[in-house]
2 protein chains.
Amino acid sequence: MVRVGLTTERLVRAGAELADEVGFDEVTVSALARHFDVKVASLYSHVRNSHDLKTRIALLALAELADRGATALAGRAGKDALAAFANVYRDYAREHPGRYAAAQLRLDPETAAASAGVRHAQMTRAILRGYDLAEPDQTHAVRLLGSVFHGYVSLEMGGGFSHSAPDTQETWTRVVDALDALLRNWPAA
Amino acid sequence: MVRVGLTTERLVRAGAELADEVGFDEVTVSALARHFDVKVASLYSHVRNSHDLKTRIALLALAELADRGATALAGRAGKDALAAFANVYRDYAREHPGRYAAAQLRLDPETAAASAGVRHAQMTRAILRGYDLAEPDQTHAVRLLGSVFHGYVSLEMGGGFSHSAPDTQETWTRVVDALDALLRNWPAA
DNA sequence: TGCAGTTGCCTAAAGCATTTAGGCAAATTA
DNA sequence: TAATTTGCCTAAATGCTTTAGGCAACTGCA
């Protein structure tokens, strides 16, 4: 019996790659077993069940995204930081569609609280330090930015903007411009 | 043999209700068959396969959403129209989480082109008539609004904003205010 | 009203994904 | 080298998906 050397980590990493290739929904315990040329049951020593596998892939994606965000924010502020951070989301989704889809998985509250999702919110707040927003407007703005990034990227990936001029890169640039203008000029309640 | 009177329409409608109750992912041909107390194979005369069923539920949801949007827009303009339209999305998602999830299903291009999704874009453009935006900024703005509505609602439903002050209703109101301000003051390229 | 054709639901069966239980051999540790 | 842990296995149950083919109940027409 030749041991392949399975670990939870390797499974999750391979699952993430598989997701990017064939789509997150197609990531199944069976497919992963085929990939490692191993019997299906063998994976269940490393992963609790199918949902556990998917959750772990989601956590990986969130962490990778947060890492990229942190790198992008280093040494930037204001609109520069905003644009860089926005591009992280968009680029990651384009490079890793399966992982990005995984990052959208609904996590139960405790898992979410322990995930890199928390870092995302912190980074968004960091960006807003370049603008003059007091609470509660800062929180409103954090939520708005999250919505735009997430919403834009998922609509674009879902083909929502397809086949129409102007191209999505131009829109993306202009949307970031518009958000910058809005944050500099946030309306009073 | 008692005939239940299955039709594609009834299946789709029941599937939509099931989605709202147990989640869109749990909507399966088998579950629907159980609901009608009928053998699984019987449904395959009315629905091509599982994916076909889900697509039809998605189309139903898109149409319902568009109908509500049209009703909300009737007789309104400017910020009033913007707020009403935004609330349609949010309310629909809260009332019909399963259907809303269905509406997010990625449709192939021809299906999408024939869907009520087209009406959504038209309505968003109609709202923008209340603001002074020429092309291509109008298209950018259409995409921004779509992103915010979609992104906000799905983050909120996914628990992304949970357990934190201020409450999401207040944020939603302020986000709509902010969008209105942005559209009235759209930055030049 | 009676019959023919259509339709609605059935049985049967194959394929694949998920999950658990229990076992043997290889790697690790003492 | 012996003992223990670990990695992968076989076997088996369950459930969802899908296709093929059949009979009974409707429908419409004479």
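Chain letters run A, B, ... following the sequence lines, proteins first, then strands; residues in each count from 1.
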Is it true that A:D177 and A:K79 have a side-chain N and a carboxylate O under 4.0 angstrom from each other?
yes

The nucleotide from C:dC9, C:dT11, C:dT19 with an atom nearest the side chain of B:L6 is C:dC9

Would you indicate, yes or no, if D:dC9 has its OP1 or OP2 atom less than 4.0 angstrom from a side-chain nitrogen or oxygen of A:S42?
yes

Residue B:H46, side-chain atoms from C-beta onward, closest of C:dC10, C:dG8, D:dC9:
C:dG8

Identify whether any heavy atom of A:V4 sits under 4.0 Å from a base atom; if not, whether one sits that close to sugar-phosphate; answer base, sugar-phosphate or nothing.
sugar-phosphate

Indicate, with yes or no, if the rings of B:Y152 and B:W172 have centres closer together than 6.0 Å.
yes

For B:R10, which residues count as a salt bridge (Lys or Arg N to Asp or Glu O under 4.0 Å) partner, sequence neighbours excluded?
none

Given atom CG of B:L53 and atom C1' of D:dT18, what is their separation to the nearest angstrom?
14 Å

For residues 58-77 of chain A, tabulate all N or O donor-acceptor pairs below 3.5 Å that involve a side-chain atom, not counting sequence neighbours.
| from | atom 1 | to | atom 2 | distance (Å) |
| --- | --- | --- | --- | --- |
| A:E64 | OE1 | A:Y92 | OH | 2.6 |
| A:E64 | OE1 | A:R99 | NE | 3.1 |
| A:D67 | OD1 | A:R119 | NH1 | 3.4 |
| A:D67 | OD1 | A:R119 | NH2 | 2.8 |
| A:R68 | NH1 | A:E95 | OE1 | 3.4 |
| A:R68 | NH1 | A:E95 | OE2 | 3.4 |
| A:R68 | NH2 | A:E95 | OE1 | 2.9 |
| A:T71 | OG1 | A:D67 | O | 3.0 |
| A:R76 | NE | A:A72 | O | 2.8 |

Polar atoms only, N or O, under 3.5 Å: list the protein pairs with nucleotides 13-17 of chain C and their distances.
| from | atom 1 | to | atom 2 | distance (Å) |
| --- | --- | --- | --- | --- |
| C:dA17 | OP1 | A:R34 | NH2 | 3.3 |
| C:dA17 | OP2 | A:R34 | NH1 | 3.2 |
| C:dA17 | O3' | A:T28 | OG1 | 3.3 |

Whole-Å distance, B:E26 CD to C:dT18 P, equals 13 Å

Any Lys/Arg nitrogen of B:E170 or B:R174 sitting under 4.0 Å from an Asp/Glu carboxylate oxygen of the other?
no

If I take atom CG in residue B:L43 and atom P in nucleotide D:dC16, what distance separates them, rounded to the nearest angstrom?
13 Å

D:dC9, C:dT19, D:dT19: which one has an atom nearest the side-chain heavy atoms of A:V40?
C:dT19

Using atom CG of A:L11 as one end and atom P of C:dT18 as the other, report the distance to the nearest whole Å.
13 Å

Could you check how far NZ of B:K54 sits from P of D:dT18, rounded to whole Å?
10 Å

Salt-bridged, A:D91 to A:R94, with N to O below 4.0 Å?
no

Strictly below 4.0 Å, N to O, side chains only: are A:E156 and A:R90 in salt-bridge contact?
yes

Spacing between B:K39 atom NZ and D:dC16 atom P, to the nearest angstrom
13 Å

Roughly, in whole Å, what's the span from CZ in A:R10 to P in D:dG7?
12 Å

Just the rounded figure in Å: distance from P of C:dT18 to CZ of A:R48.
16 Å

